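A short write-up of the structure that comes next.
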There are 4 protein chains.
Amino acid sequence: MLGTPQCPANIQKVIDNLIAEMRTHPANGQVADYIPALKNVDPDSVGIACCTLDGEVITAGDADKDFSVQSIAKIYSLVMAMTRSDDQLWERVRMEPSGQAFNSIVQLESENGIPRNPMINAGAIVISDIIVSRYSTPNHAFVQFVSRLCGRDPVLVDNTVFASEKKHGHRNAAMAHLMKDFGNIHGKVENVLEHYFYQCSLSLNCSDLARSLLFLANKGIQPTTGETAGEEVCTRVDCHRVNAILSTSGMYDQSGEFAFSVGLPAKSGVGGGIVAIVPNFGVIAVYSPRLNQFGNSHAGKWLITEFAQKLGLSVF
Amino acid sequence: MLGTPQCPANIQKVIDNLIAEMRTHPANGQVADYIPALKNVDPDSVGIACCTLDGEVITAGDADKDFSVQSIAKIYSLVMAMTRSDDQLWERVRMEPSGQAFNSIVQLESENGIPRNPMINAGAIVISDIIVSRYSTPNHAFVQFVSRLCGRDPVLVDNTVFASEKKHGHRNAAMAHLMKDFGNIHGKVENVLEHYFYQCSLSLNCSDLARSLLFLANKGIQPTTGETAGEEVCTRVDCHRVNAILSTSGMYDQSGEFAFSVGLPAKSGVGGGIVAIVPNFGVIAVYSPRLNQFGNSHAGKWLITEFAQKLGLSVF
Amino acid sequence: MLGTPQCPANIQKVIDNLIAEMRTHPANGQVADYIPALKNVDPDSVGIACCTLDGEVITAGDADKDFSVQSIAKIYSLVMAMTRSDDQLWERVRMEPSGQAFNSIVQLESENGIPRNPMINAGAIVISDIIVSRYSTPNHAFVQFVSRLCGRDPVLVDNTVFASEKKHGHRNAAMAHLMKDFGNIHGKVENVLEHYFYQCSLSLNCSDLARSLLFLANKGIQPTTGETAGEEVCTRVDCHRVNAILSTSGMYDQSGEFAFSVGLPAKSGVGGGIVAIVPNFGVIAVYSPRLNQFGNSHAGKWLITEFAQKLGLSVF
Amino acid sequence: MLGTPQCPANIQKVIDNLIAEMRTHPANGQVADYIPALKNVDPDSVGIACCTLDGEVITAGDADKDFSVQSIAKIYSLVMAMTRSDDQLWERVRMEPSGQAFNSIVQLESENGIPRNPMINAGAIVISDIIVSRYSTPNHAFVQFVSRLCGRDPVLVDNTVFASEKKHGHRNAAMAHLMKDFGNIHGKVENVLEHYFYQCSLSLNCSDLARSLLFLANKGIQPTTGETAGEEVCTRVDCHRVNAILSTSGMYDQSGEFAFSVGLPAKSGVGGGIVAIVPNFGVIAVYSPRLNQFGNSHAGKWLITEFAQKLGLSVF
C-alpha cells in the first residue's frame with residue numbers, strides 16, 4: 001500500500017509542521033459539556049502521536065497530556081469481550097453501520113434490542129454486559145488489559161469523570177433497561193452500567209493510545225515495544241473485524257465522510273481524542289477537545305486527514 | 001498490500017475450484033421477484049470473472065452470460081455525475097452509511113430529503129437528476145459511457161426489464177416526489193425516474209463488469225485493455241471517494257458484515273451480480289441470481305469471500 | 001345535553017359580541033403559504049355562521065365570504081365514499097388518531113400503506129381512490145353532492161387553487177405512490193390525485209359549510225331547509241362514525257387539546273375554516289385565515305371555543 | 001342526551017341478558033402474561049356493574065370479584081395530580097392521542113421526552129413524578145384517595161403483582177430514564193417508578209370502579225352514595241378534560257374504533273377491566289381477563305358496546 005517506508009525523521013517533520021500550522025489557525029467547535037467533568041480542559045490543547053510497527057512513538061504538541069478517552073475505550077472492551085467469546089457475540093450486537101445518532105434509542109426499539117454495532121453506546125453496553133459476566137473483577141481486568149498494552153502501569157480512571165458519568169447517564173440507563181426488556185442484557189443493569197461508565201472514564205494520552213493499539217495495525221500481534229514483549233492480543237480474523245467495524249462505524253455520523261477523506265479505520269471520543277489504524281504501518285492518535293457538529297475533534301480530524309494525505313496512507 | 005503478485009494461472013485455478021465446489025453445493029435463496037422480468041432467469045447460474053490491472057480477464061462458470069445489473073449501475077452513474085459536478089453534489093446526497101433498508105422513505109423524511117448516500121435508491125435518483133440536467137441525451141450518454149468502459153459496443157438495456165421497472169416503480173416514485181417536495185429534485189420527476197429505471201435495466205456479464213470498473217482499482221485511470229486506450233475516467237480523489245462509499249454502503253444492510261468478512265469495496269444488485277474492487281490489483285465480478293435475506297447474491301457473496309481470503313486481498 | 005334550547009336571538013347576540021371582541025384583538029399567526037394561491041386573501045377576515053337544526057343560519061362578520069375549504073372537504077368525500085362502500089372501506093383506512101403530522105409518510109411505511117384515518121391526507125387519498133372507482137364522473141359528482149347539501153347550485157372549485165395544488169402536490173404524490181406500492185391505491189395515481197386536489201380546491205363560505213353539514217348533527221338526516229327537502233344523507237351509524245373520527249382526528253395535532261377545551265367533533269382546513277358539529281343542536285362554521293402552529297385557524301379556534309363554552313355545548 | 005331516564009329494573013334486565021349471552025359465547029383472546037402475577041386468574045370470569053348518578057349500583061356476573069386494575073389506575077392518579085397542579089402540568093405531558101403502542105419509546109425521543117398524554121405509560125410516569133413531589137406519603141395518599149371514592153376502606157394493593165411489576169418493569173424504567181435525561185422527571189427515577197408500579201397493582205372490582213368514578217359523569221362532583229357524602233373531587237373543567245383525554249386515548253390503539261362503535265370516554269387495563277363514563281348518566285365497569293390484539297378485554301369491550309347501543313348512550 002505504501003510506496004516507500006516512511007522514516008521517523010520525515011514523520012517528525014510532518015507532524016511538527018501540522019501542529020505549527022494548527023496553532024496559527026485555532027480550531028472551532030465547543031468542548032463537550034454533557035457532563036460537567038469534561039468541561040474543565042484547556043480547549044486549545046492539540047497533540048499528535050504516531051507509533052510505527054517497530055514501536056517507536058513520534059510526537060508533537062500536547063501528545064503527553066492525559067485526557068478522557070471516552071468512546072475510544074470501546075475498542076479495548078470490544079477486544080476484551082471478543083477474546084472470551086465465540087461468534088455468538090455477533091448475535092447480540094451486529095456489525096452494521098447505524099445511520100443514527102450514537103445514542104439513539106429508536107433503532108434499538110425497532111430492531112428488538114440488538115444494537116447495530118459495538119461502537120455505538122448501546123452496543124458497547126452489551127459488550128460491557130459480556131465483560132461483566134466473563135471477568136470476575138471487570139474493572140480491574142480492564143485497567144490491567146489497557147496498562148499492559150500501553151506498557152504503562154497502571155493507567156488511571158478519572159474518578160471525577162466516573163462520578164459525573166454515573167450521575168448524568170440517564171440515556172445510557174434508558175438503553176440498558178430497554179435491552180434488558182428485550183432480553184439482551186443478562187446481568188444486573190446497575191452492574192453493567194457501572195462497568196460501562198468506568199471504561200469511559202479512562203484517562204490516557206496520545207502516546208499511550210498510539211502504542212497500545214499497535215496490534216490492530218499488525219494482524220493482532222502487539223510488537224515488542226520497549227519492555228513489553230510481543231504477544232498475540234487477538235486473532236488475525238478478530239483484528240480484521242475490529243478494523244472493519246472502525247472503518248464503517250468509528251466516527252459517529254461522520255464515518256462515511258472520514259472513509260471518504262481519510263480512508264482509515266478510526267475511532268473518536270467526545271473527550272477530543274481520535275485514533276486511526278494504518279494497517280501494516282502503525283497508529284496515529286490525536287487530541288484536541290473542541291468538537292465539530294458530529295462530536296468529533298475538530299482539529300484532530302484535520303490533523304489526521306492532512307497526515308494521512310501527506311503520507312498516502314489511505315487503504316483505498 | 002499483497003505480499004506477491006498473483007499470476008493469472010493461479011487465479012484461474014482458484015476460481016475453477018470455487019465454481020466446482022459451488023456446483024456441488026447449490027446456493028439457497030430466492031430469485032428477485034419484485035418485478036416479473038427478473039424472475040425469468042436460470043436460478044442456478046453461477047459465474048465469476050477477475051480482471052487484473054493489466055486488463056487480462058480470467059473467468060469461470062457463467063461469466064459471459066448477460067444479466068440485469070440493477071443497482072450495480074449506480075457506480076457508473078455516480079462516476080458520470082461526479083465528472084460533471086463539483087463538491088456541491090455532496091450537499092444533495094451524503095456519503096454516510098444508511099442503517100436502513102435500501103428503499104426506506106423514513107430516512108428521507110427525517111433528513112429533509114437528503115439521501116444518506118448514492119448507493120441507496122433515493123441517492124441514485126438524485127444522481128439521475130444530476131445526469132438528466134447535465135447531459136442532453138442522458139440515456140444515450142449512459143450507454144456510451146458504459147460501452148466505452150467495457151470495450152464492447154454498444155451495451156444493451158433490456159426493454160422488458162425497463163418496462164417492468166417503470167410499471168412497478170411506485171416506491172421509487174414516492175421517494176422522488178418526496179425529494180421534489182423538499183426541493184432536492186430539480187428536473188421533472190417523470191424524466192428523472194425514466195433515466196433511473198433505464199440505468200437499472202442495463203444488461204452486462206461478469207467479464208464486462210470486471211473490465212469496465214478497472215479504473216476504480218487503478219486510481220481513476222482505466223488501463224489500456226485490448227483495443228481500448230488508457231484514460232483517466234475520474235480523478236484520483238473521486239476514485240478514492242467511490243471506493244469509500246462502496247466499502248460502507250455497497251452491500252445493502254450487509255455492508256458492515258461484508259467489510260468484516262471480505263474487507264473490499266463492493267456493490268451488489270438484485271439481479272444477482274456483485275462487483276468488488278481490489279485497489280492496485282483488479283476487479284472481481286460474480287453472478288448468481290438466488291439472493292439472501294439482505295438482497296445480495298448468496299453464491300456470489302460466498303465466491304468473493306473465498307476468493308478474497310485465498311488471495312489475501314482485504315484492505316484491512 | 002342542553003339545559004334549555006337556545007333561541008336564535010341569543011345566538012346572534014353571542015356571535016356579534018365575539019366578532020366585535022375579535023376585531024379589537026386581531027389574531028396572530030400566518031396565512032398558509034404552501035401553495036401560492038392561498039396567500040392572496042385578506043389575513044384579517046373573520047366570520048362565523050351557526051346553523052341550527054331548523055335550518056336557520058345566524059351569521060356575523062365575514063360569514064358570506066368564500067374561501068378555500070381545503071381539508072374540510074374531506075368530510076364530504078368521506079360521506080360520499082361511505083354511502084357507496086361497505087365496511088371493507090375500514091380495511092383500507094383505519095379510524096384511529098394518528099399522533100403524527102397530517103402529511104407524515106413515516107406512519108404509512110411502518111403500517112403497510114394503511115392510513116390511520118380519513119382526515120389525514122393519506123387517508124383522504126384512499127377515499128379519493130374509492131370515489132374515483134365508484135363514480136363515473138367523480139369531480140362532477142362531488143360538486144353535485146356539495147351543492148345539494150348547501151342548497152346553492154353550483155358550488156365552485158377555484159381553478160387557480162386547483163392548478164397550484166397540482167403543481168405543488170409532490171408530498172401527496174409521494175404518499176399516493178407509496179400506497180400504490182403497498183397495493184392500497186387501485187386506480188391510476190394521476191387520476192386519484194387529480195380528484196383529491198379537486199376536492200381541496202372547493203370554495204365555500206361559513207354559511208354554506210354550516211348548512212351543508214347539518215345532517216351530522218341530526219343522525220344523518222339533512223333537515224328541510226329553505227327549498228331543500230329533508231333527506232337521509234347517510235345512515236345513523238355512519239353519522240356517528242364520522243363524528244367519532246372528527247372528534248379524535250379532525251384538528252390535526254391539536255385534536256386532543258380541542259376535545260379538551262371544546263369537546264365537539266370538528267374539522268379544520270389550512271384555508272382558515274373550521275366546522276364543529278353539535279349533535280342534536282346544529283353546526284358552527286368559522287373562517288379566519290391566520291393559522292396557529294398546528295395549522296388551525298387562530299381566531300377560528302378561539303371563536304368556537306368561546307361560543308361552545310358560553311352555550312355549554314360540550315359533549316362531555 | 002337520553003330521551004328518557006332509564007329505570008334500574010331495565011338496566012338490570014339488560015345486563016343480565018348480556019352476561020347470559022356472553023356465557024354461551026365465551027370470549028377469545030389471551031390473558032395478559034407480561035408479568036407472571038397476572039396469569040393466575042380465571043380466564044372466563046366476566047362481570048359488569050353500572051352505577052347511576054343516584055349512587056345505585058346494578059351488577060351482573062363476576063362484578064364483585066377483585067382484579068388488578070392496572071392502567072385504569074391512571075385515572076385516579078391523573079385526578080390526584082391535577083388537583084395539586086396548575087396548567088403547567090400540561091407542559092410536561094400533552095393531551096394528544098398517540099398513534100403509537102402504549103409503551104413506545106420512539107415518540108418520547110422524537111418529542112423531547114414529553115409524553116403525548118397521561119394514559120400512555122410514559123405520561124403516567126410523569127404524573128407519578130408529580131404525585132411523588134406533591135404528597136409526602138404518595139402510596140398512602142393514593143390508597144386513601146381511591147378508598148374514599150369507593151366508599152370501601154381500605155382498598156388493597158396486590159403485593160405479588162407489585163413485586164412482579166417492579167421485577168419486570170424494564171421498559172418503563174427505560175422510559176423513565178429517558179425522560180429524566182430530557183429533564184422531564186424531577187424526582188429520583190427509583191422513587192417515581194416505585195409509585196407508578198404501586199398504582200398499577202391496585203385491586204378493585206367492577207362495583208368499586210363504577211362507584212368511584214361517578215364524579216366524572218357528574219361534572220366533578222361525587223354524588224352522595226350510601227355513607228359517602230357528596231363532594232367536589234375535581235373542577236368541572238378538569239372533569240371535562242379527563243373525559244376528553246379518555247375519549248381520544250383511553251383504549252390504547254383501539255381508541256378511535258371505540259369512539260366509533262361506542263362513543264363514550266373509557267379506559268381499559270391489561271388486567272381485563274374497562275370503565276366507561278356516560279356524562280350525566282353514570283359509569284359502566286366491566287371485567288373479563290381475555291384480551292384482544294390491542295390489549296383490551298375482549299368480552300368487556302363487547303359488553304360495553306352492546307349496553308351502550310341498547311341504551312343509546314353515545315355522546316355523538
Side-chain angles (χ1 to χ4, degrees), chain C residues 1-3 87 90 93-101 104 106-107 110-111 115-120 216-217 219 236-265 277-281 294 308-309 312 314-316, chain D residues 1-3 87 90 93-101 104 106-107 110-111 115-120 216-217 219 236-265 277-281 294 308-309 312 314-316:
Chain C
M1 182 180 45
L2 300 170
D87 277 0
W90 303 107
V93 55
R94 297 177 68 198
M95 64 290 262
E96 296 301 323
S98 76
Q100 303 268 349
S104 171
V106 170
Q107 178 267 327
S110 63
E111 298 185 349
R116 290 221 125 218
N117 65 67
M119 293 299 123
I120 55 173
L216 290 177
K219 305 177 181 65
R236 185 174 180 149
V237 166
D238 279 350
C239 171
H240 179 164
R241 288 170 164 183
V242 174
N243 285 333
I245 288 171
L246 295 183
S247 79
T248 60
S249 312
M251 296 293 288
Y252 305 126
D253 200 21
Q254 203 174 22
S255 297
E257 201 274 338
F258 194 83
F260 217 80
S261 53
V262 181
L264 293 174
I277 312 298
V278 193
N280 305 319
F281 173 81
F294 299 102
Q309 286 179 355
S314 164
V315 299
F316 298 119
Chain D
M1 179 181 45
L2 301 168
D87 277 1
W90 303 108
V93 54
R94 296 177 68 196
M95 63 288 262
E96 296 301 322
S98 76
Q100 303 269 347
S104 171
V106 170
Q107 178 266 326
S110 63
E111 298 185 347
R116 292 220 124 221
N117 65 66
M119 293 299 124
I120 55 174
L216 290 177
K219 306 178 181 64
R236 185 173 182 151
V237 166
D238 279 351
C239 171
H240 180 163
R241 287 171 165 184
V242 174
N243 285 334
I245 289 171
L246 296 182
S247 78
T248 59
S249 312
M251 297 294 287
Y252 306 125
D253 200 23
Q254 204 174 22
S255 297
E257 200 274 338
F258 194 82
F260 216 81
S261 54
V262 180
L264 293 174
I277 313 298
V278 193
N280 305 320
F281 173 81
F294 299 101
Q309 285 178 356
S314 163
V315 299
F316 297 119

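Just so you know, these numbers use all the heavy atoms, side chains as well, and skip hydrogens, waters and symmetry mates. Chain A is the first sequence line, chain B the second, and so forth, proteins listed ahead of strands; every chain is numbered from 1. The model shown is predicted, which means the values in this text are computed figures rather than measured ones.
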* Asked: Okay, side chain of D:Glu96, backbone of C:Ser255: is any donor-acceptor separation there less than 3.5 Å?
  -> yes

* Quick check: does any side chain N or O of D:His240 sit under 3.5 Å from a backbone N or O of C:Val315, one acting as donor and the other as acceptor? -> no

* Asked: Could you state the interatomic distance from CD1 (D:Ile245) to CZ (C:Phe316), rounded to the nearest 0.5 Å?
  -> 10.5 Å

* To do: Name the member of C:Asn117, C:Ile277, C:Asn243 that forms the most heavy-atom pairs with chain D at distances under 4.5 Å.
  => C:Asn243

* Whether C:Trp90 and D:Phe260 hold their rings parallel, tilted or perpendicular, with breakpoints at 30° and 60° -> perpendicular

* Asked: Looking at C:Glu111, C:Lys219, C:Glu257, which makes the most heavy-atom pairs under 4.5 Å with chain D?
  -> C:Glu257

* Do D:Val237 and C:Gln309 touch side chain to side chain, with heavy atoms closer than 4.5 Å? -> no

* Which bit of D:Ser247 comes within less than 4.5 Å of chain C, counting heavy atoms only: side chain, backbone, both or neither? -> both

* **Toward chain C, the part of D:Arg116 with a non-hydrogen atom under 4.5 Å** => side chain

